[in-house]
Number of protein chains: 2
Amino acid sequence: MAITKTDTKEKIVSFATQLIETKGYNGFSYQDIADELGIKKASIHYHFPSKEDLGIAVFEAFMKGVHEHIAQIDFESLTAAEKLAGYFQYHAEVTLVKNHDASDCSHISCIGALTSEWNNLPEKMREQIDNFNNWHVGFVASIISDGVAKKEFCHVGSVEGQALLIIAATKGALLLSREKTSIEIYNQITRQLIEGLKCK
Amino acid sequence: MAITKTDTKEKIVSFATQLIETKGYNGFSYQDIADELGIKKASIHYHFPSKEDLGIAVFEAFMKGVHEHIAQIDFESLTAAEKLAGYFQYHAEVTLVKNHDASDCSHISCIGALTSEWNNLPEKMREQIDNFNNWHVGFVASIISDGVAKKEFCHVGSVEGQALLIIAATKGALLLSREKTSIEIYNQITRQLIEGLKCK
DNA sequence: GACAACCTACCTTTGGGTAGGTAGAATGCA
DNA sequence: TGCATTCTACCTACCCAAAGGTAGGTTGTC
């Protein structure tokens, strides 16, 4: 029966996600999680033998959340600008609001935090992150292409270049928001991105 | 006489800068520097009693470089687009080329690396970083204002918003370039930023 | 002799990780 | 049904390496 199964494993992943968002992969320890959950370090090693295993699980849960979110969107009913706005909002929500206080800006997104630590990550995690970022560029590019096809967006340069710009700016915007402890910075930057794409 | 003075202290700051750019403030140790310079850990503590002291020295050297670079620019002779292009190039050079191999993308800028580690930094370093970022926004905003006044730029939204966008995108662009080990990503993103500002 | 610039030798704390034990639930089978 | 076995999810008690940092000595130059 599922009743007997404990939810410790999910709790570990959940709290580790928060720790990665706030302190980074190399900035948290098994002890941090043990203290929070009221268990011993060795119990975490039982569920995740090495820290790399935990890091991979955290990122997989993150990707699952992103893909599930996208799967439920009714793309047909939205303008390209609305899609982008939704993307930006989700990015903020998953980072700043979901499970957390809306006014708490101490988190940055999982993918942003891990990309920042690129040179200090285990090889397997780098592969995951690289794959996700590749998919990510394609996803944003498809929204832009759509907007251009509908004559809603009049972009300059290549679609891929615009997608890269949006992804780079989003990562940077979360960093600045955290520093300034104000989501307004993030909102301001993302609004600019959408306005910059619209036909005048 | 200056001849007798050793240059160990400068070498420490220089190598620590590279370590921060590649592995972050919390990702390097005194031992890393000792090994590189062929001295003992305790000798580094002689010059910089605590790691925080070293971190502050590194950031001060970084800021000094930026301000010296700006002081030598003949702003009168440049268009706003040229100023921005120069800014982007300096940002890349100070990170990727100066002292390093031009094809080596394993570094991100000092300010970018430290902003990424915001929650793990000593208070004094946060103050430095915050001050620099404030100045930074003002500096970029002044270039944009100038471009608008000369009718070279037709920006959308506020000047400050555009400046924030540029700074955020630049930070993110360096992260992506490092991940992809290609400066082309950075160049592509910064080109888009300039094109986006120009009047059509 | 004083001082700068190192050194050796040490300390404490924390990191990831392991070995081996145990209580209790689930399962196999006579 | 009853009992033995196995498995899950923890535990205590370690290990070793590396971290930042300190105390106090040595060496060479003014």
Side-chain angles (χ1 to χ4, degrees), chain A residues 1-20 22-59 61 113-114 117 119-126, chain B residues 1-20 22-59 61 113-114 117 119-126:
Chain A
M1 297 268 181
I3 300 166
T4 57
K5 213 182 140 198
T6 64
D7 57 350
T8 305
K9 195 166 181 175
E10 287 98 279
K11 279 183 184 164
I12 293 169
V13 171
S14 169
F15 192 63
T17 302
Q18 292 194 42
L19 287 170
I20 287 177
T22 49
K23 315 209 293 176
Y25 177 76
N26 289 288
F28 82 93
S29 72
Y30 272 33
Q31 194 59 56
D32 295 331
I33 299 174
D35 292 344
E36 170 74 16
L37 301 190
I39 57 175
K40 296 294 162 183
K41 230 176 54 171
S43 308
I44 305 172
H45 279 284
Y46 166 75
H47 292 288
F48 302 98
S50 80
K51 198 180 180 185
E52 183 177 346
D53 296 320
L54 176 54
I56 288 169
V58 165
F59 197 73
L114 293 171
E117 289 185 275
N119 284 340
N120 299 333
L121 296 177
E123 189 53 36
K124 269 195 147 183
M125 291 185 70
R126 289 199 207 183
Chain B
M1 295 264 188
I3 301 167
T4 55
K5 215 182 141 198
T6 64
D7 56 353
T8 303
K9 194 167 182 174
E10 287 99 278
K11 278 182 182 164
I12 292 170
V13 171
S14 168
F15 191 63
T17 302
Q18 293 194 41
L19 288 171
I20 287 177
T22 50
K23 316 209 292 176
Y25 177 75
N26 290 289
F28 82 92
S29 71
Y30 271 33
Q31 194 60 55
D32 294 332
I33 299 173
D35 291 344
E36 170 75 15
L37 301 189
I39 57 176
K40 297 294 162 181
K41 229 175 54 172
S43 308
I44 305 172
H45 279 285
Y46 167 75
H47 292 288
F48 302 98
S50 79
K51 198 181 180 185
E52 181 176 348
D53 296 321
L54 176 54
I56 288 168
V58 165
F59 198 73
L114 293 171
E117 289 185 275
N119 284 339
N120 300 332
L121 296 176
E123 189 53 37
K124 266 195 151 183
M125 291 185 70
R126 290 200 206 182

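Labels below follow one simple rule: chain letters A, B, ... track the order of the sequence lines, proteins then strands, and each chain is numbered from 1. Just so you know, these numbers come straight off a predicted model, no measurement behind them.
- Taking CD of B:Gln31 as the start and CD1 of B:Ile33 as the end, the distance is 10.0 Å to the nearest 0.5 Å.
- Across the helix from C:dG1-D:dC30 to C:dA30-D:dT1, the helix axis at one end is tilted relative to the axis at the other end by 10° (nearest 10 degrees, each axis from five pairs).
- Nearest-nucleotide assignment on DNA chain C puts the 5′-proximal partner with A:Gln31, out of A:Gln31 and A:Ala42.
- Counting to the nearest Å, the P atom of D:dT12 and the CD1 atom of A:Ile44 are 13 Å from each other.
- Taking the side chain of B:Ser50 as heavy atoms from C-beta on, and the options D:dG21, D:dG20, D:dC10, the nearest nucleotide is D:dG21.
- Map A:Lys41 and B:His45 each onto its nearest nucleotide of DNA chain D; the residue landing nearer the 5' end is A:Lys41.
- Note that B:Lys51 lies in the cation-pi zone of B:Phe28, set by a 6.0 Å cut-off to the ring centre and a 45° limit from the axis.
- Here the side chain of A:Ser43 is nearest to one of D:dC10, D:dT12, D:dG20, namely D:dC10.
- Checking side-chain atoms of B:Glu117 against main-chain N and O of B:Asn26 turns up a donor-acceptor pair under 3.5 Å.
- Checking side-chain atoms of B:Asn119 against main-chain N and O of A:Lys23 turns up no donor-acceptor pair under 3.5 Å.
- For B:Lys40, counting side-chain heavy atoms from C-beta on, the closest listed nucleotide (D:dC11, C:dT8, C:dG16) is C:dT8.
- If you take CG of A:Leu37 and P of D:dA9, they are 15 Å apart, rounded to a whole angstrom.
- With rounding to whole Å, A:Asp35 atom CG is found 14 Å from C:dT13 atom C1'.
- In this structure, OG1 in B:Thr17 is found 11.0 Å from CZ in B:Phe59, a value given to the nearest 0.5 Å.
- The CG-C1' distance, from A:Asn120 to C:dG16, rounds to 16 Å in whole Å.
- The side chain of A:Lys51 lies closest to C:dG16 when the candidates are C:dG16, C:dC6, D:dT12.
- Because its NZ or CZ atom is both nearer than 6.0 Å to the ring centre of A:Phe48 and within 45° of the ring axis, A:Lys9 counts as a cation-pi partner of that residue.
- Nearest to the side-chain atoms of B:Tyr46 among the listed nucleotides C:dC6, C:dG17, C:dG15 stands C:dC6.
- Proximity of B:Thr8 to the phosphate of C:dA5: no side-chain N or O atom is located under 4.0 Å from OP1 or OP2.
- Straight-line distance from the CG atom of A:Asp53 to the P atom of C:dG16: 13 Å, rounded to whole Å.
- The separation between A:Phe48 atom CZ and D:dA9 atom C1' is 13 Å, rounded to whole Å.
- Listed by chain and number, the residues in a side chain to side chain contact (heavy atoms under 4.5 Å, CB included) with A:Glu52 are A:Tyr25, A:Ser50, A:Ile56, A:Pro122, A:Lys124 (sequence neighbours excluded).
- One finds no side-chain N or O of B:His47 lying less than 4.0 angstrom from the OP1 or OP2 phosphate oxygen of C:dA4.
- Rounded to an integer number of Å, the gap from CD1 of A:Ile39 to P of D:dC11 is 6 Å.
- Atom-to-atom, CZ of A:Phe28 to C1' of C:dT14 comes out at 15 Å; the value is rounded to the nearest Å.
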